[in-house]
2 protein chains.
Amino acid sequence: MTIEPELCRVEDALGILVGKWKPIILLLLLKNGTQRFSELKRKVPEITQKMLTKQLRELEDEDIIERVVYPQVPPKVEYSITEYGKSLEPILAAMHEWGTKHTLHKQQKLEQESM
Amino acid sequence: MTIEPELCRVEDALGILVGKWKPIILLLLLKNGTQRFSELKRKVPEITQKMLTKQLRELEDEDIIERVVYPQVPPKVEYSITEYGKSLEPILAAMHEWGTKHTLHKQQKLEQESM
DNA sequence: CAGCATCCATTCTGATACTG
DNA sequence: CAGTATCAGAATGGATGCTG
């Protein structure tokens with residue numbers, strides 16, 4: 001094991017990543033760079049404005065993403081990952097890789113059960 | 001970016017790790033190996049039996065941990081990480097490392113604000 | 001010892017409608 | 001366009017008491 005004593009450090013990262021839509025939002029911003037509110041909404045149609053707004057605010061509060069408002073009509077707001085936010089990428093990558101394997105695992109389990 | 005298309009793979013990992021006590025439980029089992037219910041309870045005194053039981057069941061359902069019941073009186077139940085569960089370690093490690101940095105980040109932020 | 005059952009408080013998420 | 005406000009339902013977490 002490489003993880004030592006203070007076990008609870010993990011909670012901080014988890015606290016930031018938890019939220020039904022935060023990982024997707026972060027991955028979209030990491031992958032495609034700066035994007036407008038409406039772009040994000042379009043790429044994740046299932047999310048409601050309320051939820052998107054909320055999750056973006058929370059990520060902003062944690063300095064994970066940056067929010068830039070252009071004072072014009074109609075309004076324009078752009079979101080992007082901060083440098084600090086980019087430091088989350090290894091975690092997202094590890095989860096993504098694991099998630100892929102997990103899918104296989106679940107499939108195998110189902111196959112076993114149906115034999 | 002190394003993370004490609006199917007963004008939602010991340011959710012599976014997150015779903016398993018989320019739960020107020022799951023990371024701690026996993027880290028304890030990864031670090032110290034097989035342990036009894038009461039040992040875990042003692043190491044995380046703030047958790048209630050109900051919660052400990054629930055989180056352990058959920059991890060068991062996902063094949064992350066194994067539960068062995070010894071048919072004796074008084075009862076004895078041991079929990080351990082499965083091989084599959086061990087595959088989560090990179091994620092936990094990444095979160096742990098990040099969490100440590102995050103603490104520093106928060107401190108610096110507070111210092112800046114108080115200047 | 002290792003739970004389960006019940007009740008309760010809080011938080012989270014969603015649906016819908018409205019606005020500068 | 002990018003929100004805010006309100007209401008409702010679901011999920012989560014906790015306190016307490018009982019049991020094989």
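Since the model is a prediction, treat every value here as computed from it, not as a measurement. Chain letters run A, B, ... following the sequence lines, proteins first and then strands; every chain starts at 1.
What separates CG of A:L56 from C1' of D:dT4 is a distance of 15 Å, to the nearest Å. Here the P atom of nucleotide C:dG20 and the CD atom of A:Q72 are 19 Å apart, to the nearest Å. Rounded to an integer number of Å, the gap from CG of B:L52 to C1' of C:dA2 is 10 Å. One atom, CG of A:L14, and another, P of C:dC12, lie 13 Å apart when rounded to the nearest Å. The distance from atom CD of A:E11 to atom P of D:dT12 is 16 Å, rounded to the nearest whole Å. For the pair B:K76 NZ and C:dG3 P, the computed distance is 14 Å after rounding to whole Å. B:F37 has its CZ atom 7 Å from the P atom of C:dA2, to the nearest Å. If you take NZ of B:K22 and C1' of D:dT12, they are 11 Å apart, rounded to a whole angstrom.
Taking 4.0 angstrom as the limit, A:Y79 places none of its side-chain polar atoms (N or O) nearer than this to OP1 or OP2 of D:dC1. In this model, the phosphate group of C:dA2 is not approached by any side-chain N or O of B:R67 to a distance below 4.0 Å at OP1 or OP2.
The CE atom of B:M95 sits 11.5 Å away from atom CD1 of A:I16, with the distance rounded to the nearest 0.5 Å.
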Handout entry: Sugar-phosphate or base contact per nucleotide [nucleotides 13-20 of chain D; S, B, -; heavy atom under 4.0 Å]
Key = BBB----B
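Of the two residues near DNA chain C, B:E39 and A:E58, the one whose nearest nucleotide lies more 5' is B:E39.
No chain of hydrophobic side-chain contacts below 4.5 Å, direct or via other Ile, Leu, Val, Met, Phe, Trp or Tyr residues, connects B:V73 to B:V77.
Ionic pairing of A:E83 and A:K86 is present here: one or more N-O contacts between side-chain nitrogen and carboxylate oxygen are shorter than 4.0 angstrom.
Residue B:E97 qualifies as open at atom CD: its count of foreign heavy atoms under 6.0 Å is 12 or below.
The aromatic rings of A:Y79 and A:F37 lie tilted to each other, with the angle between the two planes from 30° to 60°.
In this structure the side chain of B:L17 never reaches within 4.5 angstrom of the side chain of B:K22, judged on heavy atoms.
Here the side chain of B:E62 pairs no donor or acceptor atom with the backbone of B:L59 at under 3.5 angstrom.
Residue B:R36 places its side chain closer to C:dC1 than to any other of C:dC1, C:dG3, D:dT4.
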